[in-house]
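In the text below, chain A, chain B and the rest are named by the order of the sequence lines, each starting its count at 1. As the structure is a prediction and not an experimental result, all values here were calculated from the model.
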Amino acid sequence: MSREFFLKRYWKLLTTPAKVSMGVILAFGFIAGIVFWGGFNTGMQATNQEEFCIGCHEMKDNVYEEYKSTIHYSNRSGVRAICSDCHVPKDWTHKLIRKIQASKEVWGKITGKIDTREKFLDHRRSMAEREWARMKANDSQECRNCHNFDYMDFSEQSSRAARIHGKALFGVDGKPATGETCIDCHKGIAHQLPDMTGVEGW
Amino acid sequence: MKHTTSLKSVMAFMLAILFTGMVSAADNGGLESLRSDSLELEAPAQAMKKTFENDGVMARDFIQQPPLIPHDIRGYDIDKDHNSCLRCHSWKNASKWGATRISVTHFYDRDGKQLADVAPGRYFCVQCHVVQADAKPLKDNGFEPVDSLK
């Protein structure tokens with residue numbers, strides 16, 4: 001009896017929502033949306049922090065230690081590139097895809113896939129190759145987020161750099177631009193390299 | 001017992017040497033330091049010198065001189081896994097980068113046997129080839145290259 005009454009009342013509530021309750025539902029939905037969206041993006045952002053990336057010793061003792069002596073950690077202008085600047089795409093969809101891939105890396109962490117320096121070095125070539133392939137495929141987009149060929153003053157660069165960049169970008173002596181991308185020539189810019197036998201150009 | 005006595009005398013002897021050493025360091029007999037006014041004071045650290053990044057190669061001063069590196073080599077590591085110098089200087093890659101190919105002498109091992117690739121004794125390039133920094137020599141050097149190299 002009371003059960004029927006309850007259902008009836010509920011049904012009525014749903015089919016003939018008063019203006020107020022409709023507003024309440026909408027408002028709740030809206031706020032929940034903001035909270036989830038915000039939380040999600042905060043999560044995405046938190047996992048983009050340097051502290052997060054080097055929170056595990058696998059990264060801290062290997063790649064981070066090496067990166068500290070490179071130009072992207074310390075340089076004359078004091079502008080730094082942190083892990084996520086090079087390893088996580090900026091645009092939303094690609095970022096999401098990269099983060100989902102990263103969950104596999106978390107699994108690697110749990111199972112201790114690279115928990116010693118030796119294991120890390122054993123896997124370095126395959127990990128590096130994945131990054132090279134990714135950067136090659138997106139035309140080194142992460143590098144270009146900071147370094148734009150169009151605004152590089154070649155006359156300020158070393159002659160070696162200017163000459164080769166000219167060849168790659170514009171082509172010289174009637175030859176067309178080679179179409180190479182940053183990662184074709186700048187491997188090992190932030191970390192030590194693995195065994196390079198067989199890598200193109202080495 | 002005899003043993004301890006001899007140990008004692010040895011220690012006394014060493015202390016004496018140490019002491020005379022300290023005295024003579026303070027009174028250094030008029031030696032001058034090239035880097036600071038006085039030998040007893042540690043000279044303040046000088047600013048880091050900039051590496052030369054030249055256009056083209058540097059002149060050589062004697063035959064068999066390993067040519068100087070005319071460019072910065074920051075971050076160019078050489079280890080068992082890879083040799084970043086050979087990325088540009090190997091015969092295979094040099095023309096792409098406009099770099100000088102390594103000399104044919106680099107393919108001979110120490111017994112004069114010709115190898116198919118860079119000899120192990122030549123693998124660590126910076127053992128012989130060095131960059132130059134923008135630093136004034138502390139002592140003038142009157143070395144003159146032979147006429148044929150000028």
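In this structure, chain B has no heavy atom under 4.5 Å from any part of A:Leu121. At a 4.5 Å heavy-atom cutoff, the contact between A:Ile164 and chain B is made by side-chain atoms alone. Residue A:Lys187 does not touch chain B at all, counting heavy-atom pairs closer than 4.5 Å. For B:Ser90, no part lies under 4.5 angstrom from a heavy atom of chain A. Residue B:Lys96 touches chain A through both its backbone and its side chain, counting heavy-atom pairs closer than 4.5 Å. Interface remark: A:Arg163 contributes side-chain atoms only to the contact with chain B (heavy atom separation under 4.5 Å).
Contact annotation: the side chain of A:His165 never approaches that of A:Leu169 to less than 4.5 Å [non-hydrogen atoms, C-beta and beyond]. Residues A:Phe52 and A:Asn48 form no side-chain contact, since every pair of their non-hydrogen atoms from C-beta on lies 4.5 Å or further apart. Using a 4.5 Å heavy-atom threshold, the side chains of A:Arg80 and A:Asp85 count as separate. With contacts defined as side-chain heavy-atom distances shorter than 4.5 Å, the pair A:Gln141/A:Asp139 does not qualify.
Heavy atoms from other residues, nucleotides or ligands lying under 6.0 Å from NZ of A:Lys60 number 12 at most. Around CZ of A:Arg144, the count of heavy atoms belonging to other residues, nucleotides or ligands within 6.0 Å exceeds 12. More than 12 heavy atoms of other residues, nucleotides or ligands lie within 6.0 Å of NZ in B:Lys49, so this atom counts as buried by the packing criterion. Within a 6.0 Å sphere centred on NE2 of A:His57, heavy atoms belonging to other residues, nucleotides or ligands number more than 12.
Along residues 68-75 of chain B, the residues that come nearer than 4.5 angstrom to chain A, judged on non-hydrogen atoms, are B:His71, B:Asp72, B:Arg74 in order of number. For a heavy-atom cut-off of 4.5 Å, chain A lies close to no residue in residues 120-150 of chain B.
Exactly one of A:Lys95, A:Lys90, A:Lys136, A:Arg134 qualifies for a salt bridge (Lys or Arg N to Asp or Glu O under 4.0 Å) with A:Glu142. That residue is A:Arg134. Residue A:Glu105 forms a salt bridge (Lys or Arg N to Asp or Glu O under 4.0 Å) with just one option from A:Arg98, A:Arg130, A:Lys99, and that option is A:Arg98.
With rounding to the nearest 0.5 Å, the separation of CD1 in A:Ile54 from CG in A:Asn62 is 12.5 Å. Here the OG atom belonging to A:Ser69 is positioned 8.0 Å from the CG atom belonging to B:Asp77, to the nearest 0.5 angstrom.
The candidate with the highest count of non-hydrogen atom pairs below 4.5 Å against chain A, out of B:Asn93, B:Leu86, B:Asp79, is B:Asn93.
Between B:Phe107 and B:Trp91, the angle of the ring planes goes over 60°, which puts this pair in the perpendicular group of the 30/60° scheme.
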